[in-house]
Each structure stands twice: as structure tokens, then as C-alpha cells.
Amino acid sequence: MWNMERVMSASPVIPVIVIDDLDDAVPIAEALLDGGLHVLEITLRTEFGLAAISIINQTFPEAIIAAGTVTTPEEVVNAQAAGAEFLVSPGCTPRLLDAAIAANLPLLPGVNTPSEAMLLRERGVKYMKFFPAEAAGGVAMLKSMAGPLPELRFCPTGGVNLDNAADYLGLPNVLCVGGSWMLDKTAIREKDWGAVAALAQQAAKLGKR
Ligand SMILES: O=C(O)C(=O)C[C@H](O)[C@H](O)COP(=O)(O)O
């Protein structure tokens, strides 16, 4: 079992994967792993999410797989059954947190205000997704949160890309960032897995400063 600190420290970048064609699941995961990204978030945004988690989990046991866009207790149960090792959510509710605790699965819940972060801290949560990072104030907002809430650690996601990722990774309260920029839509449509691997490699070179 991975705890959240280990998961978030395992890779500077967590690719956020949306599977539109189940046949793409294995080659996309392979390209990301080849590029050096081994923590993979597979969203439940499409009907193929759970099946993709299952097939990637079976094909690449070395990958650390998160289910993303987990918003309901039912999805917690389904993601665990599919083989997800941790969960990522754009926000959080008491029921969702209770379900993750009951399943004994680490959850990275989304927040973007001090009050949301404080409510989760009251429940013992220290690691959070900062979402949607750019729209919610970006680097400046996280810097402001570090003053009153210095013990919290974030994975900013939403609008993060190769140009701004290093700024986030330079913050003391950021352990990693999440993003979809390495999953170039044209490359995926053209099944240009080498291009995805190259983008992943570029992302994997980003590190904590
Ligand atoms: O699906 C979810 O659970 C989300 O919370 C949204 C994703 O994290 C972002 O869509 C990734 O952001 P981009 O890198 O801007 O594409």
C-alpha cells in the first residue's frame, strides 16, 4: 500500500489520462512509462476509465495507478475493484472521504480555498490536489496558503503545463503537479506513441527544486 507522501514524491508529474478508445490504454501507458512517468492517473470521465485501469494494472505492474475524477462513494468501490492504488478527486465531500477511508485507499481530494483545506485538515488530510490550479489563483494562491497552512502539501492540477510546471514545483508546499499536456490529442489520434513518450520524457525531467 502506497501512502500519499510516497505517491506524490515518486514522480514530479502525474499525467492525467482520459481514455476515449480502450485500444489506446496500453500504448498510452507504455509511452508514459517509457518516458519515465510511472505514476498514472486514469480518469473515470469516460466509459472506458475502469476498464483502462484494469488492463494497465495487469499489463504494467510497475505503474502506480490512480483513478481520477472519483466523485462518488460508488466510484471508490469500482476503482478499487479495477485495481486503482489511490484516488484523485476534483473536490471532496464527507461521503467521498468516508468511502475512501472505509476502502483503505489513499485519496487526493481537490481544494482551492483555505476553508476547504481546513475542513479536510480537520479530518486528518494533509495531501490535497489544488484544482483548478491556474483558474484558482495559481502559484500566487499556493504561496498565500503556505503562510497560514504551512503543513499542507499540494498537487496543483488544471492548466499546468511545461511552461509553468517548474514554478509550481519550486514551491515548498508542492510535491508534484498533475496535467494532461503530455497527452497531445493529435499524437493520440494519429497513434504517434513516440511523440507521447517524448513529451513524457520532457515532463519527467522536471524535478523538485
Ligand atoms: O478529471 C478530473 O478529475 C479533474 O480534476 C480535471 C483534471 O485534473 C484536469 O482536467 C487536468 O487538467 P489539464 O492539465 O488542464 O487538462
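First listed ligand is number 1; within each ligand, the first listed atom is number 1.
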**Request:** Could you walk me through whether Thr71 and Glu75 pass the side chain to side chain donor-acceptor pair (under 3.5 Å) test, one step at a time?
**Result:** CA-CA 7 Å; Thr71 59; Glu75 286 170 344; 3.2 Å; yes
**Request:** Could you go through the side chain to side chain contact (heavy atoms under 4.5 Å, CB included) check for Thr157 and Phe130 one step at a time?
**Result:** CA-CA 6 Å; Thr157 308; Phe130 178 59; over 6 Å; no
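Annotation: the span from Cys155 atom SG to Ile14 atom CD1 amounts to 4.5 Å, rounded to 0.5 Å. Remark: Cys92 SG to Leu97 CG distance equals 5.0 Å, nearest 0.5 Å. Atom-to-atom distance recorded for Leu32:CG and Ser11:OG is 10.0 Å, nearest 0.5 angstrom.
Of all atoms in ligand 1, numbered sequentially from 1 with element shown, those under 4.0 Å from a heavy atom of Gly179 are 14 (O). Those atoms of ligand 1 that come under 4.0 Å of a heavy atom in Thr157, given as number and element, are 8 (O), 11 (C). Ligand-side atoms of ligand 1 in range of Gly159: 13 (P), 15 (O), range being under 4.0 angstrom from any heavy atom. Annotation for ligand 1: atoms under 4.0 Å from non-hydrogen atoms of Pro90 are 3 (O), 5 (O). Each of the atoms 13 (P), 14 (O), 16 (O) of ligand 1 lies under 4.0 Å from some heavy atom of Ser180.
Of the protein's non-hydrogen atoms, Thr69 OG1, 2.7 Å is the one closest to atom 1 (O) of ligand 1. Of all protein heavy atoms, the one lying nearest to atom 9 (C) of ligand 1 is Arg45 NH2, 3.7 Å. Summary of contacts: the protein heavy atom closest to atom 4 (C) of ligand 1 is Lys129 NZ, 3.4 Å.
Taking all atoms of both residues into account, the shortest heavy-atom contact from Val177 to Tyr168 is CG1-CB, 3.7 Å.
Every pair passing side-chain hydrogen bond (donor to acceptor under 3.5 Å, both in side chains) that includes a residue from residues 118-129 is listed here, sequence neighbours excluded: Glu5-Tyr127, Asp98-Arg123, Arg121-Glu151.
For ligand 1, none of its N or O atoms has an N or O atom of Ser89 under 3.5 Å away.
If you chain together hydrophobic residues whose side chains sit under 4.5 Å apart, Leu87 and Val16 never meet in one group.
Contact annotation: Glu134 has no heavy atom less than 4.0 Å from any atom of ligand 1. A heavy-atom separation below 4.0 Å is found between Gly158 and ligand 1.
Contacts with ligand 1 closer than 4.0 Å are made by no heavy atom of Trp181, backbone or side chain.
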